[in-house]
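Remember, it's 1-based here, ligands and their atoms both numbered in the order they're listed. These numbers come from the heavy atoms of this one structure, side chains and all, not from hydrogens, waters or symmetry mates. From a predicted model like this one, the values you see are computed outputs, not experimental measurements.
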Amino acid sequence: EKGDYKHFMLKEIYEQPAVLAATLEGRLSATRVLPQALGTAAMELLPQVRQVQIIACGTSYHAGMVARYWIERLAGIPCQVEVASEYRYREVVVTEQTLFVTLSQSGETADTLAALRFAKTAGYLASLAICNVPGSSLVRESDLSLMTQAGPEIGVASTKAFTTQLTALLLFTLALRRAGHQQPDQEDPLEAELVQALRGLPRIAEQTLKLDEAIQELSEDFAEKHHALFLGRGSHFPIALEGALKLKEISYIHAEAYPAGELKHGPLALVDKEMPVIAVAPKDDLVDKLKSNLQEVRARGGELYVFADPYTLLEPEEGMKVIHLPEVNEVLAPIIYTLPLQLLSYHVALIKGTDVDQPRNLAKSVTVE
Ligand code: F6R
């Protein structure tokens with residue numbers, strides 16, 4: 001039931017602090033991801049993994065794209081990510097010792113399930129499903145599973161399923177890192193730092209949701225617009241993609257996302273005052289590069305809306321609205337920077353009067369191709 005909330009989507013956005021905590025529950029010690037977090041079978045399998053292939057659709061695919069940055073950076077293992085509907089119809093080359101990972105809220109998405117069925121005949125090391133529905137086809141047919149604890153997601157636009165997928169993917173990444181690099185009982189300072197940060201994640205999510213009113217104010221600028229451009233760099237490029245997808249799905253505003261470094265290779269030609277540009281600017285190595293990309297937008301008269309870490313020193317100015325997010329560990333930032341984009345699309349949709357929980361033409365679970 002929706003309780004006091006106007007829509008399931010809003011309720012599900014607000015459930016995120018609790019479901020992030022539930023997804024971490026019982027899976028962490030003070031300094032590490034518990035070896036049994038992925039099940040005992042994984043303990044034997046993970047040390048053999050030399051490559052990871054992730055397959056998913058839609059929002060779940062965006063989670064996979066973030067995971068690629070994490071897996072290559074933190075576990076030092078090559079990772080490929082592809083949408084299921086492409087992967088399943090092309091001739092793929094399967095490399096040795098590759099773990100096949102599917103991501104799905106429902107566990108019933110037809111293309112993802114078909115990709116898994118193909119993969120089982122194609123010589124992968126094993127299959128892992130990261131999924132929100134216990135007993136779903138994907139979970140039943142995979143060798144390993146790691147459940148997200150988002151609870152039922154009713155709104156067609158995925159919110160809490162995405163951020164819990166990211167959380168589970170970070171646990172998986174840290175387990176892979178340990179399996180590849182560490183003696184089983186050796187301390188790993190980076191793992192300890194990230195585990196500490198993960199424990200603080202639900203609290204930071206809660207603080208971030210307090211920005212709701214400020215975001216609602218911003219949303220008024222969007223309701224009359226026909227297009228929007230989302231920018232991010234590194235692991236926040238997929239977050240920009242997810243922000244654009246949310247806006248398209250529930251407010252029917254055409255939105256695109258680009259890695260900010262690609263602006264001058266084409267999309268900059270679209271920028272004028274009718275094209276709001278939304279950027280996510282966490283504190284990381286790329287923020288100075290992002291800032292110069294934002295200058296390129298300003299110089300063309302584009303209106304900027306920036307979600308930024310206070311440390312970036314991005315401040316509101318003529319043509320640029322800035323909302324500061326709470327400080328968060330750089331690795332976990334994609335999870336937190338998703339939240340304002342969810343709220344933004346929700347408020348724009350409210351103003352437009354669309355059917356937030358049941359957008360036109362879409363179904364919650366895509367069980368046909
Ligand atoms: C977007 C959305 C869809 C799903 C996609 C995959 O908000 O919900 O893009 O993410 O249909 O669904 P699952 O994760 O159930 O496989």
Ligand 1 versus Thr112: contacting region, heavy-atom distance under 4.0 Å: neither
Which segment of Lys364 sits under 4.0 Å of ligand 1 when only heavy atoms are counted: neither
Heavy-atom closest pair, residues Val331 and Trp70: O-NE1, 3.1 Å
Considering all heavy atoms, the nearest Gln207-Pro326 contact: OE1-CB, 3.6 Å
Residues forming a ring pair (Phe, Tyr, Trp, His ring centres under 6.0 Å) with Phe222, sequence neighbours excluded: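 Checked Phe222 against ring pair (Phe, Tyr, Trp, His ring centres under 6.0 Å); matches are Tyr305.
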Val156 touching ligand 1 at heavy-atom level, < 4.0 angstrom: yes
Aromatic contact, Tyr87 with Phe100 (centres under 6.0 Å): yes
Ligand 1 atoms in contact with Ser104 (distance to a heavy atom under 4.0 Å):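 It comes down to these atoms of ligand 1: 13 (P), 14 (O), 15 (O), 16 (O).
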Atoms in ligand 1 with a heavy atom of Ser60 nearer than 4.0 Å: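 What qualifies from ligand 1 is 10 (O), 13 (P), 14 (O).
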Ionic contact status for Glu15 with Lys11, cut-off 4.0 Å: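 A salt bridge links Lys11 with Glu15.
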same_hphob_cluster(Val81, Leu116) at 4.5 Å side-chain heavy-atom cutoff: no
hydrophobic_cluster_shared for Ile335 and Leu286, side chain cutoff 4.5 Å: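 No; Ile335 is not reachable from Leu286 via cluster members.
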Decide whether an N or O pair under 3.5 Å exists between [X] and ligand 1.
| X | value |
| --- | --- |
| Ala157 | no |
| Ser158 | yes |
| Glu249 | yes |

When you measure from [atom] to every protein heavy atom, which one gives the shortest distance, and what is it?
| atom | result |
| --- | --- |
| atom 3 (C) of ligand 1 | Thr59 N, 4.0 Å |
| atom 5 (C) of ligand 1 | Cys57 O, 3.7 Å |
| atom 12 (O) of ligand 1 | Thr109 OG1, 3.5 Å |
| atom 11 (O) of ligand 1 | Val366 CG2, 4.0 Å |

Test side chain to side chain contact (heavy atoms under 4.5 Å, CB included) applied to Ala56 - qualifying residues, sequence neighbours left out: Ser60, Tyr61, Leu103
